[in-house]
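All remarks here apply to the structure that follows.
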2 protein chains.
Amino acid sequence: MALDHAILVSLLEKPGSGYELARRFERSIGYFWTATHQQIYRVLKRMEQDGWIDVREVPQQGRPDKKEYSVAERGRDALSAWLREPIEPESVRHDLAVKIRGAAFDDPAGLISEVERHREAHTGRLGHYLAGEARDFGEPPEDGTLDAERELQHVVLRGGIAYERMMIAWLDDVLATLDRFRAGP
Amino acid sequence: MALDHAILVSLLEKPGSGYELARRFERSIGYFWTATHQQIYRVLKRMEQDGWIDVREVPQQGRPDKKEYSVAERGRDALSAWLREPIEPESVRHDLAVKIRGAAFDDPAGLISEVERHREAHTGRLGHYLAGEARDFGEPPEDGTLDAERELQHVVLRGGIAYERMMIAWLDDVLATLDRFRAGP
DNA sequence: TCTTGCTATGCAACGAGGTGCATAGCAAGC
DNA sequence: GCTTGCTATGCACCTCGTTGCATAGCAAGA
């Protein structure tokens, strides 16, 4: 299970509450690992019981108090152990690919609007990534030293960018293919 | 849930037993939707009860008998309805990306062998896809007509090829980045 | 004969993930 | 005063997916 580890990484990058984590999972980390707030609270509770993370009650003004979590020694060890474990290359689940193959037995051209919707979603994400890249990695760090956290975040973001570009190109290929079946057989 | 629909599509492409489906999910369909044989048998049972698919006992010589499933009217309708439903662009789960960002708090260079393993896996898949493409789509159909099933299978396969190429290029990027931290800080 | 291995189907149990719902503090606007 | 909306946390339930195990027919080879 990698949700534990995704949360640990996020907390190492910056301690925060369950609510804040949930919002990070809508951006940043969420680009390559999704989770709802219920999942996050559940995992936080378990990790706290296991001593992987520490809690600190933080009173706030103008809004409800929060529990700020940070990674404890045991959490670091658990993450370290996980990093050393080989994992299987991801198992993919592409609904859209199933739909495309399925459309052969229904109406291929009927899928066009759906594929266009997906294309727009990916274009949006790409724009978002590129804006983030320009903002956070536009200029090299002042002191010129190697910052592992920064460099590794950047290479992951480049992966997201490459993925979205690939998807957009492929969806164009799909659209061109579907288009050949407009009012066809 | 799309496992139902992935199975329906596979059975429309060619009727078969649970065992045969399980093997297809290790190849072909399995490239963009994974499933174990237990999942498949469970779903087949449910879909048969719901009248989505028909069964036929097929005696075999030299091996145990099998149950051959094929798609019934209701199954076609269910697939058709699903094709018309908009779906959300997939939620991604990349363990490796979590690991890469996590490596900033451990030993970045320690990830190199793991990333190399993934690179090999993707290279293998790419070779497999390219061989399949040459075999199944190397030459255009004799009669020159548009075959939706063939064309749509091909465009999905091209997606797989584009994905693997993108991943290999990105993993090279990751390796180059990690390499800068060899025996580093 | 015994083991190994492939074909073929299935159950039981558990854990992960998702949906819906509930609660509560506080601010801003109607 | 009431509603709306954001922050913040959590429970209950149900489904999906995975793991481990079990059974059984038949072939091939040691």
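Only a predicted model underlies this, so the values are computations on that prediction, with no experimental measurement involved. Here is how names work: the chains are called A, B, and so on, in the same order as the sequence lines, proteins then strands, and each is numbered from 1.
To the nearest angstrom, P of D:dT9 lies 12 Å from CD of A:Glu48. D:dG10 atom P lies 13 Å from atom CD1 of A:Ile40, rounded to whole Å. Remark: P of C:dA16 and CG of B:Asp95 are 13 Å apart, rounded to the nearest angstrom. Taking atom OH of residue A:Tyr41 and atom C1' of nucleotide C:dG20, one finds them 16 Å apart after rounding to whole Å. One interatomic measurement links the two molecules: CG of B:Leu44 to C1' of C:dC11, which rounds to 16 Å at whole-angstrom precision. A:Gln39 places its CD atom 19 Å from the P atom of D:dC13, with the value rounded to the nearest Å.
Neither side chain, B:Arg76 nor B:Ser80, offers a donor N or O lying under 3.5 Å from an acceptor on the other.
A cation-pi geometry, defined here as NZ or CZ lying under 6.0 Å from the six-membered ring centre and within 45° of its normal, holds between B:Arg93 and A:Trp33.
Other residues, nucleotides and ligands place more than 12 heavy atoms under 6.0 Å from the CZ atom of B:Arg46.
Annotation: of the two residues near DNA chain D, A:Arg93 and A:Arg42, the 5′-most nearest-nucleotide partner is A:Arg42.
The side chain of A:His37 lies closest to D:dT9 when the candidates are D:dT9, C:dG18, D:dG20.
Counting only heavy atoms from C-beta outward, the side chains of B:Glu149 and A:Phe105 approach each other to under 4.5 Å. Contact check for B:Arg56 versus B:Lys67: no side-chain heavy atoms found under the 4.5 Å cut-off.
A heavy-atom distance below 4.0 Å to DNA chain D is reached by these residues of residues 17-35 of chain A, ordered by number: A:Ser17, A:Gly18, A:Tyr19, A:Arg23. Listed by residue number, the members of residues 50-69 of chain A with any heavy atom below 4.0 angstrom from DNA chain C are A:Gly62, A:Pro64.
Taking the six-membered ring where tryptophan is involved, the planes of B:His5 and B:Trp82 are essentially parallel, since the angle between them stays under 30° and well short of 60°. Using a 30° and 60° split on the angle between ring planes, A:Tyr129 and A:Tyr31 fall in the tilted class, from 30° to 60°.
Between A:Ser10 and A:Leu21, the shortest heavy-atom distance links the atoms OG-CD2, 3.6 Å. Between A:Ala162 and B:Met166, the shortest heavy-atom contact is O-CG, 3.6 Å.
Residue A:Lys45 places no side-chain N or O under 4.0 Å from the OP1 or OP2 atom of D:dT9.
Between the base of C:dG10 and the side chain of B:Gln38 there is a donor-acceptor pair shorter than 3.5 Å.
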